[in-house]
Structure formats: C-alpha cells, structure tokens
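Position 1 is the first residue of the sequence, and the numbers go up from there.
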Amino acid sequence: MRTPPESYLIFKAELKKAQLEKERLRKVYEEKLLEMNLELARLKEQIEAQQELMKTTINYAIKLEGDLEDFKEEVENEKKQRKNSFH
C-alpha cells in the first residue's frame with residue numbers, strides 16, 4: 001500500500017486543526033450567548049419589578065388624590081353646616 005502524499009497529510013492535519021478551532025469557537029459563542037440570555041432575563045425581571053413599583057405608586061397617588069377630594073368636600077360641608085347653624 002502506498003503512503004499518501006505529504007501535501008495530503010498536511011492538508012488533513014490543517015483541516016483537523018480548523019475543525020477543532022471551529023468547535024472551540026462554537027463553544028465560546030454558546031457560552032457567551034447563554035451569559036447574555038441570563039443577563040437579559042435579569043434585566044427583564046428588574047424592569048418588570050420597576051414597572052410594578054410604578055403602577056403601585058401611581059395607584060397610591062390616585063387614591064391619595066381621591067382622599068384629598070373627599071376631605072375637601074368634607075371641609076366644605078362642615079363650613080356650610082356651621083354657617084347654617086348660626087343663622
């Protein structure tokens with residue numbers, strides 16, 4: 001059996017190196033992609049928490065505004081009752 005030409009052996013070795021490098025780069029890429037996805041999930045969670053906090057704050061402000069209006073009406077009614085009771 002003949003031995004393959006030296007150029008073929010060199011090409012085969014270079015091809016193997018290229019395949020190994022490609023596999024290494026694929027793993028690095030997948031790791032970075034996984035890290036980015038985890039970071040995006042954390043950011044999404046933080047944004048959702050901030051949105052919920054903002055909703056709660058707005059709802060509380062609306063409630064306070066309503067309470068203030070009720071209190072103003074109560075004060076006005078008290079003033080009217082006092083005026084009516086003196087006459």
Side-chain angles (χ1 to χ4, degrees):
M1 184 170 187
R2 270 181 38 190
T3 60
E6 188 177 337
S7 61
Y8 173 77
L9 295 175
I10 292 171
F11 174 76
K12 191 174 177 182
E14 291 297 319
L15 182 62
K16 183 68 175 170
K17 285 181 191 176
Q19 288 172 335
L20 290 172
E21 180 65 11
K22 180 180 171 185
E23 183 63 24
R24 185 189 71 77
L25 289 173
R26 186 186 63 77
K27 287 180 181 178
V28 169
Y29 171 78
E30 286 177 355
E31 287 174 10
K32 288 196 182 276
L33 191 60
L34 181 63
E35 287 174 15
M36 288 178 68
N37 284 335
L38 290 173
E39 185 65 25
L40 284 173
R42 275 188 235 119
L43 289 172
K44 183 179 176 185
E45 187 177 315
Q46 288 177 349
I47 289 170
E48 288 172 354
Q50 288 175 351
Q51 285 177 333
E52 191 60 36
L53 181 62
M54 288 172 69
K55 286 178 189 174
T56 303
T57 303
I58 289 170
N59 288 338
Y60 184 66
I62 290 169
K63 181 190 173 297
L64 286 178
E65 197 172 34
D67 291 349
L68 182 60
E69 287 299 318
D70 292 344
F71 182 69
K72 284 180 182 178
E73 286 178 23
E74 221 177 282
V75 169
E76 286 299 316
N77 289 338
E78 282 292 320
K79 284 182 184 178
K80 287 179 184 176
Q81 285 179 357
R82 285 186 189 162
K83 285 182 182 178
N84 291 339
S85 67
F86 288 125
H87 295 287

**Prompt:** Roughly how far apart are Glu76 CD and Glu78 CD, rounded to 0.5 Å?
**Reply:** 11.0 Å

**Message:** Name the residue from Gln19, Glu21, Lys27 that meets the side chain to side chain contact (heavy atoms under 4.5 Å, CB included) definition with Glu23.
**Reply:** Lys27

**Message:** Could you go through Phe71 and Asp67, starting from their C-alpha distance and side-chain angles, then the distance that decides it, and tell me whether this counts as side-chain contact (heavy atoms from CB on, under 4.5 Å)?
**Reply:** CA-CA 6 Å; Phe71 182 69; Asp67 291 349; over 6 Å; no

**Prompt:** Could you give the distance from CG (Leu33) to CD (Glu35), rounded to the nearest 0.5 Å?
**Reply:** 10.0 Å

**Message:** Can you confirm whether Glu48 is buried at CD, in the sense that more than 12 heavy atoms of other residues, nucleotides or ligands lie under 6.0 Å from that atom?
**Reply:** yes

**Prompt:** Which pairs pass salt bridge (charged side-chain N to carboxylate O under 4.0 Å, His left out) with one or both residues in residues 36-46, sequence neighbours excluded?
**Reply:** Glu39-Arg42

**From Thr57 atom OG1 to Glu52 atom CD, the distance as rounded to the nearest 0.5 Å** = 10.0 Å

**Message:** Before you tell me yes or no, could you show the steps for Leu68 and Leu64 under side-chain contact (heavy atoms from CB on, under 4.5 Å), namely the whole-Å CA-CA distance, both residues' side-chain angles and the distance that decides it to 0.1 Å?
**Reply:** CA-CA 6 Å; Leu68 182 60; Leu64 286 178; over 6 Å; no

**Request:** Could you grab the distance from atom OH of Tyr8 to atom CG of Leu15, nearest 0.5 Å is fine?
**Result:** 9.0 Å

**Message:** Using 0.5 Å steps for rounding, measure from the CG atom of Leu25 to the NZ atom of Lys32.
**Reply:** 11.0 Å

**Complete:** To the nearest 0.5 Å, atom OH of Tyr29 lies from atom CE of Met36 at 9.0 Å

**Item:** Heavy atoms of other groups near Glu30 CD, more than 12 under 6.0 Å
**Value:** yes

